[in-house]
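Let me begin by presenting the structure, written as structure tokens, before commenting on it.
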Amino acid sequence: MDGDRTTPWQPTVIAGPKHAMLLTPAIAKMMLKKAKRPLFVIGSLIEGDKEIVSFCKDIVENWNLPVAATGNMYKTLTENGVKSKRYGAIEIVNLLKDPEWKGVDGEGSHDLVLFIGVTYYLASQGLSSLKHFAPHLKTLTLCKFFHSNADASFPNMSDSEWIKYLEKTSKI
Amino acid sequence: MDGDRTTPWQPTVIAGPKHAMLLTPAIAKMMLKKAKRPLFVIGSLIEGDKEIVSFCKDIVENWNLPVAATGNMYKTLTENGVKSKRYGAIEIVNLLKDPEWKGVDGEGSHDLVLFIGVTYYLASQGLSSLKHFAPHLKTLTLCKFFHSNADASFPNMSDSEWIKYLEKTSKI
Amino acid sequence: MAFEKTAKKLDDNFWNTKNLKISIGEVSDGKSAKSKLDEPMGPTPKPSVTDLRSWDFKLLKRYPPFYAPFCDMCCLCTYGKCDLLGKKGACGINAEAQQARTVLLASCIGTAAHAGHARHLLHHVIHMHGRDKPIDLGKNIDIEAPIIRTLIGKKPETLGDLEESLAYVEEQLTHLLSACHTGQEGSSLDFESKTFHAGIMDDLAREVADIAQIIAYRMSKGDGDEPLVELGLGTVNKDKPVILCIGHNVAPGAEILDYIEDNDLYEDVEVCGICCTAIDITRYNSAAKVIGPLSKQLKFIRSGVSDVIVVDEQCVRTDILEEAKKNGAVVIATTDKMCLGLPDKTKEDSDLVISELVNGKIDGALILEPKNVGKVAVEVAKKIAKRRESIKALPDVSEISKLAKECTECGWCVRVCPNNRPVMDAVTSAAKGDLTKLAKLYENDMCYACGRCEEECERKLPLVSFITKAGDHHVKNQKFKMRAGRGPVQDVEIRKVGGPIVLGDIPGVVAFVGCSNYPNGGIEMAKMAEELLKRRYIVVATGCAAMSIGEYVDEDGLTLYERYEGIFDAGGLANAGSCVSNAHISGACIKIANIFAKKPLSGNFEEIADYILNRVGACGVAWGAFSQKAAAIAAGVNRWGIPAVLGPHSSKYRRLHLGRIDKKELWDLNDLRTGEVVQGEPAPEHLLYAAETMEEAIVSIVKMCIRPNDTPKGRQLKLSHYIDLYKRYFGELPPDLELFVRNERDVPITYKHDVMENLKEKKWVQREAPKEPSLLLKK
Amino acid sequence: MAFEKTAKKLDDNFWNTKNLKISIGEVSDGKSAKSKLDEPMGPTPKPSVTDLRSWDFKLLKRYPPFYAPFCDMCCLCTYGKCDLLGKKGACGINAEAQQARTVLLASCIGTAAHAGHARHLLHHVIHMHGRDKPIDLGKNIDIEAPIIRTLIGKKPETLGDLEESLAYVEEQLTHLLSACHTGQEGSSLDFESKTFHAGIMDDLAREVADIAQIIAYRMSKGDGDEPLVELGLGTVNKDKPVILCIGHNVAPGAEILDYIEDNDLYEDVEVCGICCTAIDITRYNSAAKVIGPLSKQLKFIRSGVSDVIVVDEQCVRTDILEEAKKNGAVVIATTDKMCLGLPDKTKEDSDLVISELVNGKIDGALILEPKNVGKVAVEVAKKIAKRRESIKALPDVSEISKLAKECTECGWCVRVCPNNRPVMDAVTSAAKGDLTKLAKLYENDMCYACGRCEEECERKLPLVSFITKAGDHHVKNQKFKMRAGRGPVQDVEIRKVGGPIVLGDIPGVVAFVGCSNYPNGGIEMAKMAEELLKRRYIVVATGCAAMSIGEYVDEDGLTLYERYEGIFDAGGLANAGSCVSNAHISGACIKIANIFAKKPLSGNFEEIADYILNRVGACGVAWGAFSQKAAAIAAGVNRWGIPAVLGPHSSKYRRLHLGRIDKKELWDLNDLRTGEVVQGEPAPEHLLYAAETMEEAIVSIVKMCIRPNDTPKGRQLKLSHYIDLYKRYFGELPPDLELFVRNERDVPITYKHDVMENLKEKKWVQREAPKEPSLLLKK
């Protein structure tokens, strides 16, 4: 199978002709700079990985991002000193779909959403929902799995490469 | 849309994780050299294009290929001095599926099938059939349209590039 | 003059009593003897899903399924998606079974569409006329319902009797759909057997629907001399209020025509139709006009001629409301199948609804009672028609040229076009002021106006409107004549042609059916029909195919309907009617077995189908089949032993049934006269085949009319057409004559020398024709 | 000892008469008064597809569909495929409508599965007992069929009376499936309304099926003290001939048990089951054993314990024949739903069939008559069981280590695993001789053995066999107890709990239903159930969920079934039965409206559903829903006003129904007592929600049991569970308390201080609770 870095990690997630752009830390940073109302959605999958949580914390702090915590992630983030608001993964996607929604902080609709740590297939479905029904925002995924339903996604990669990517992304 | 050279020309032909390898004249020639029982399937779409028919003739002659003519192509090929056998596009695919079939010349099952000029969507369906149910053979397409259901396909390209590709392919 | 044309064919007396329950002379005493047939009951009345499996397996052995997956994956349960390319899914299913499952699912949807339609219609007409309204198809038809007789084993005598067939269909359909559930059938062959079953359920539903509407709406009973009705966009007088009916259910359209009749409004309102509803309203009242097949929908609506669009069910554009709004037209939805989110106004006062629609308080209304539709549609059309004057529906030519300059030449309009029409090329020409290429797309529905190009256009250019405008000047010429749908084939006709068909003296019965997903425009249908008519085949047409055929004129401006009679006989062009009238095509074949060969029908499916397969040279052609209904129809005719040739798009149905001429053993036959196994020929070669081109198709069609039972004279005739057409398109003799020439007497005299030479080269050995060829064993 | 356990609960008299038609005391006089109910007929008996549309639109306004396309394309007709991403298809459909259409299609398939099952079963039991066999559910049940009563408006008195409901379901299903045809419905909301309709048709079918089998097979009538039956792979004695029944239809399994009974073979043959058939055969005869949910299929078959595998219908692995062959097991297919290409031996002499199977002349047989299955299955099992001794079903531990070394570490086994389990990691450990990671996958069905990893493995390693072998040592411990399915909730129970539920004194009724597509193994089901049981919710379970719950034991080795009573009361764990028994869950809610609140049922759907939505604190949980049936079941409970929480895989159903707590206006209610519009709360917040984790789910479940009708005491109780669990998992007070606390009396005493502080911060304003909260208008 060619294009392994950009084959959806669960390969049958392929949904049609449109698929995510390959995201690099540099592009991610560019998009974060451009965004007026970014949001970071952090899911349960990274709950047990202190190193990744710490990078997420850096990204949140350095980019000054509001955070939506899904699954069981809220408590872990709080314990790690990351302020967040708790949502179900489906719930936050549903809210993001609505351009009239006031955002996690009540300050208006988000225009860029970064995802990390949401169960792959569930995230794929959520990203599909946003791809179809939220033309007003862009979605990026910072998982180590390529998410073809996002607008842009990190590629499939090894843990060590992922850590480098996250580290780079965290720096302004 | 990225990868325009290798997005299926009719983009919704995308069928799953597996898609054709990008075929160059060099690779085509390599595969022709390796093949023991190649077959060239020529369809109606190129009927009116003398230049392309002439390249096909070169390919047939230089590589000494048996030819299956589909649609209305038989008469045109005969008129152009290309010996062929007439089949329906679906009919030839059905026969190719069967590893016991004796081939267009009765000399045994084919192991490599080149396609050109079969109506895009019909060819896509035929190639899908072979992809799934004819593991004993490889399929190449020499159309100017990328066929993701083939094992290997020329990319989407301009007429001028296509002619160069065909010309190169025709030379042993 | 318009008035003359609108004069109804139907007698006045009927109209005065049409709302009364007619039950005179009918006494219903529950399980009376009336529905019994004077013949022994065969082995399979009301066959279960598995009762005809052994017949299916005989067909499937000869014509195994050919699968062409449209997608490698299965997405039906939440374990997936699973990639089935060389792999089994999480439930254990493999690619073949999954394809077969998908075909069964499509056929179930198709059958449901016909069965739902039939149920809805039957419910409505029983409400109108009572359960005891007799089924009387006139003195020329005794076998009123050959499919019901064969499958149910009864003769339906009243409208109420038809309910039993539908209840049976609904039950069987439930079992069949159930088999599509995850973790049910695992064998592709058993899926195919179930699809065949869905097919004959579809047959039953269609027969019920057409009989019900023939009886209730006094449609023609197969006379063959039905009036010529007006067909084409040019037949509509745009200066009048225009009501457009789209879909397949005659009830709302009939009520509109009744309202017009009752209020003497023939001169004041135009009623026209697209798709089968068009055919059926003209069977009811020849004052209605046929716009054409479903490929006309978007073009006609965009042209802004309709004031009120009444949609009933099936094959209607689902964005009809959005499209109607663009030109200020009002939409009335009339069935549960298509409610479009509209407010339900069924029980509201008609005058109030009319006022809400006229005032634009609502964009449209859901009105589930056909009676109420009539008044609302007509009155709203009358009130809003004037507004059209101020609406510019299509861009001007100058605007098109200007807009066309925005084209970025990305080429995606061509790539997403189902037929890869040269849309971009036409647009770039238009940018230079030349609209002829756009107009070219308009002609013969070369572009069938699906709108995919528009959707993809990065400049959002209204390409369908471009094409519509460019073709506008054609509209005035689009005035054709189509013979109104005749309904069934009469028993008297069968008595006349049954023998010649079975013996081969009539070279074949070819039915052009199905939708308008044509690879090269509708004209190919007409050309194929013309070729066969010239050769004195019996040609039958239904639905969109019947309309497309009517859009083609010769140098004298005459359509095939004007040049050929509407009879079911050699050289006749019989428009049977709408899609549900397809039941009469299988029905005619069944009647041949019954009337000519005296085969009993009741519960006797297998013997009848075997008879048809081996002796009745019939072939279906669905050149533009696109829908799930078409899949179900094909499955039905196939199970009855009738082969079909499809257009190339039909490869996207994922499954065909192909024979192999190189496998001689597949064609062995039982001779029921002698009990011996004899060598047969590939006749028919395939059960379901998709051709790439019209030329390939026509050659296939005539070949697929060959049957083992042909007499030497019949075989000669059939082979001469085959040879003739093969030579025309491929320049030489067919390569497989040795299979079809049993002995010298089969060789067409005109080709005698060449053929005999050819056979000698192939070391042909003569053989005897079987007396009673069959796939069954001698009893 | 084994003998004691196999003693049947059922009385002997029945067995002596079971083949006689019982019609004593029943006089059928056609349209007798017997089926009339002593209450006025409501507005919607036998509702059509559109009759409940206004109720649906009320639900959909509050809980609009949330779509997550699983594919961007539509592949249903030959115009396509069409890419619907921001574009319309060739038929005009948009992405939302297409998603909704796909959900309708899935729900139709699901409903067909239950309706086909019900029809098949009813046909069979009427054949056994006669149409006049009375429906008598014992003295504790007067409301024998709450769903039929509400929807059909009649009381079914005999088995024959159930046919009317099924005929109605089949007709409606045909209409609904028809709407999935190309060019029908265009509005996503109307598609959703149709899906709801499919849901209640599914309800009806399930109710018919379960009543029919309870009556015909004398299953328990909801006593609540049903026997504990054996559950788990460890309960099967491998030394005996083993017959495994898989599927959902009790008929063949029952005949097997009868044959065993009649021939006194209890000691000689093991009969066990997987999936709902397992539950239903143990409802019939507690001698049968339950292997477990469908996730056991491949593991159990691979372990090579079964001699004969009898498959009926639904959720059976479609490659069962291939898998059975590997270990020399024989397959008997028993219904038209799943024929597997096997030769039809229904009408052949049993002894001949037995000999063909034993001699390996055929790999399996299709036997459509349940009676014949009994003898063939048992006799074949007896004859071939010995062969198992020589068959090595699973690889040795040493072989596994050796084979595992071939692993290329490509990682695709993980990527294609629906749950991305660490398969590769386990294999690489195994290569080093450590099988514990493989064993870990075995435990609690963490790997549910779909086999996708094997299919993808480039070395074709038999990974499921690896896991099965590694888990083998667990098998002996897999001996659990499950309470046999009880069937309906009794009227006497409703009289007791109706008030407390409606007032909120019982904090909720939570039903664990559905399949085994669990994100983290079956244990999560049990843990959620345990948590709720401790908190004295009423917990109900059915199907695979009921089995998964039974596989979990506490430190004393006791299952929840042993620790909690089987009653429908606070702290009770009622195993209702198989999937079709889900009807009794909606049924219990309906009965509350009828028995406790005196709402008439007949034709009164809307009022009943509105009552349930606003006053009955019930919530469904389908943590592993994977099938189309599950989609239909969810649509049904949702239309009745019961919300459901699903597992994360359910996002792949493509559609949920979500409320928005930030949109206050959505939660307004009508107070039927005063006729005023009053402020409400998001109760229930969602109608259909997919949670990511068990923790999120359990918090959602308790929250979704809150209802506007709660008394202050009830609200306190419900909020205290919500606050308690929220704090446990998220570390603080829930962020939306201000919505649920109407006034100070609602605040749980234990949290009073914190909550009041919290509310003050949010500038909470108190409000009054409505007296009779409703979405309907005061009449």
Side-chain angles (χ1 to χ4, degrees), chain A residues 1 4 7-19 43-45 47 69-79 84-95 97-98 100-102 106 117-133 135 145 148-149 156, chain D residues 64 66-73 81-86 94-96 99 410-412 414-420 452 456 519 646-654 656 658-663 685-686 689-697 699-700 726-732 734-735:
Chain A
M1 218 166 275
D4 200 18
T7 301
W9 187 64
Q10 283 199 322
T12 53
V13 159
I14 288 172
K18 167 102 193 299
H19 38 93
S44 288
L45 275 188
E47 204 179 341
T70 78
N72 309 345
M73 199 59 201
Y74 179 79
K75 208 170 169 183
T76 308
L77 287 177
T78 309
E79 285 162 9
S84 71
K85 219 170 149 186
R86 196 198 75 84
Y87 293 92
I90 291 291
E91 185 188 17
I92 186 71
V93 167
N94 188 42
L95 293 167
K97 261 179 27 188
D98 177 6
E100 306 291 311
W101 181 51
K102 296 294 170 222
V118 179
T119 306
Y120 188 85
Y121 58 87
L122 181 63
S124 284
Q125 288 304 97
L127 289 164
S128 171
S129 198
L130 295 174
K131 178 173 78 166
H132 278 269
F133 307 116
F145 309 128
S148 58
N149 283 334
N156 297 315
Chain D
F66 166 92
Y67 296 114
F70 205 23
C71 182
D72 297 347
M73 300 185 280
K81 294 183 261 184
C82 292
D83 178 11
L84 303 180
L85 180 58
N94 64 24
E96 283 184 320
Q99 298 314 303
C410 72
W412 280 85
V414 183
R415 289 175 70 170
V416 302
C417 172
N419 282 321
N420 307 126
R452 292 284 297 139
E456 197 73 30
L646 310 174
H649 281 291
S650 294
S651 60
K652 291 185 270 183
Y653 279 122
R654 304 163 174 83
L656 299 162
L658 306 183
R660 285 275 297 269
I661 61 167
D662 59 326
K663 293 197 167 180
E685 181 179 353
H686 304 300
Y689 184 75
E692 187 175 0
T693 61
M694 175 182 77
E695 292 78 6
E696 185 190 350
V699 171
S700 286
Y726 198 97
K727 284 185 78 162
R728 183 193 300 170
Y729 296 122
F730 305 118
E732 56 190 41

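Here is how names work: the chains are called A, B, and so on, in the same order as the sequence lines, proteins then strands, and each is numbered from 1.
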Q) For D:Pro418, is it the side chain, the backbone, both or neither that has a heavy atom under 4.5 Å from a heavy atom of chain A? A) backbone
Q. Is a donor on one side and an acceptor on the other found under 3.5 Å between the side chain of D:Glu695 and the backbone of A:Asn72?
A. no
Q. Which region of A:Ser44, side chain (C-beta onward) or backbone (N, CA, C, O), has a non-hydrogen atom less than 4.5 Å from a non-hydrogen atom of chain D, or is it both or neither?
A. both
Q. Just how far is it from atom CG of D:Asn420 to atom CH2 of A:Trp9, taken to the nearest 0.5 Å?
A. 3.5 Å
Q: Locate the shortest heavy-atom distance separating D:Ser651 from A:Ile90; write the atom from each residue and the value.
A: CB-CD1, 4.2 Å
Q | Residue, of D:Glu96, D:Arg654, D:His686, that accumulates the most heavy atom pairs under 4.5 Å with chain A | A | D:Glu96
Q. Is it the side chain or the backbone of D:Tyr726 that comes within 4.5 Å of chain A heavy atoms, both, or neither?
A. side chain
(Q) I'd like to verify something: which residue of A:Glu79, A:Lys131, A:Lys97 has the highest number of heavy-atom pairs under 4.5 Å with chain D? (A) A:Lys131
Q. Do the non-hydrogen side-chain atoms of A:Leu122 and D:His649 ever get within less than 4.5 Å of each other?
A. no
Q: Examine whether an atom of A:Glu91 lies under 4.5 Å from a heavy atom of chain D, and if so say whether it belongs to the side chain, the backbone or both; otherwise answer neither.
A: both
Q.
What part of D:Tyr729 gets within 4.5 angstrom of chain A, counting heavy atoms only: side chain, backbone, both, or neither?
A. backbone
Q) Picking from D:Asn419, D:Leu656, D:Leu85, which has the most non-hydrogen pairs under 4.5 angstrom with chain A? A) D:Leu85
Q: Ignoring hydrogens and angles, tell me if any N or O in the side chain of A:Lys75 forms a donor-acceptor pair with the backbone of D:Arg728 under 3.5 Å.
A: yes
Q: Look up atom CD in D:Gln99 and atom OG in A:Ser129, then write down how far apart they are to the nearest 0.5 Å.
A: 9.0 Å
Q | Spacing of CZ belonging to A:Arg86 relative to CD belonging to D:Glu732, to within rounding of 0.5 Å | A | 10.0 Å
(Q) Please find the pair of heavy atoms, one from D:Glu696 and one from A:Gly88, that lie closest to each other, and give the distance. (A) OE2-CA, 3.0 Å
Q: To the nearest 0.5 angstrom, please state how far the NZ atom of D:Lys652 sits from the OG atom of A:Ser124.
A: 9.0 Å
Q) Where does A:Pro8 contact chain D at under 4.5 Å (heavy atoms): side chain, backbone, both or neither? A) backbone
**Q.** Top contributor to chain A contacts, counting heavy-atom pairs under 4.5 Å, from D:Ala68, D:Pro69, D:Ala697
**A.** D:Pro69
Q: Determine the interplanar angle of the D:Tyr67 and A:Phe133 rings, folded into 0 to 90°, and report it as parallel if under 30°, tilted if 30 to 60°, perpendicular if over 60°.
A: tilted
Q) Roughly how far, to the nearest 0.5 Å, is OG1 of D:Thr693 from CE of A:Met73? A) 12.0 Å
Q. Is the closest side-chain heavy-atom distance between A:Thr78 and D:Phe730 below 4.5 Å?
A. no
(Q) Quick check on A:Tyr120 against chain D: is it the side chain, the backbone, both or neither that has a heavy atom closer than 4.5 Å? (A) side chain
Q | Closest non-hydrogen atom pair between D:Arg415 and A:Thr7, with its separation | A | NH2-O, 3.5 Å
Q) Is the closest basic N to carboxylate O distance between A:Lys18 and D:Asp83 below 4.0 Å? A) no
Q | Minimal non-hydrogen separation, A:Ala89 against D:Tyr689, with atom names | A | N-OH, 4.1 Å
**Q.** Side-chain heavy-atom pair D:Lys663, A:Asp98 within 4.5 angstrom cut-off
**A.** yes
(Q) Quick check for you: to the nearest 0.5 Å, what is the distance between D:Arg660 atom CZ and A:Leu95 atom CG? (A) 5.0 Å
Q) Where does A:Lys102 contact chain D at under 4.5 Å (heavy atoms): side chain, backbone, both or neither? A) neither
Q. With a 4.5 Å limit on heavy-atom distance, are the side chains of A:Tyr121 and D:Pro519 in contact?
A. yes
Q. Between A:Pro11 and D:Trp412, which heavy-atom pair has the shortest distance, and what is it?
A. CG-CZ3, 3.2 Å
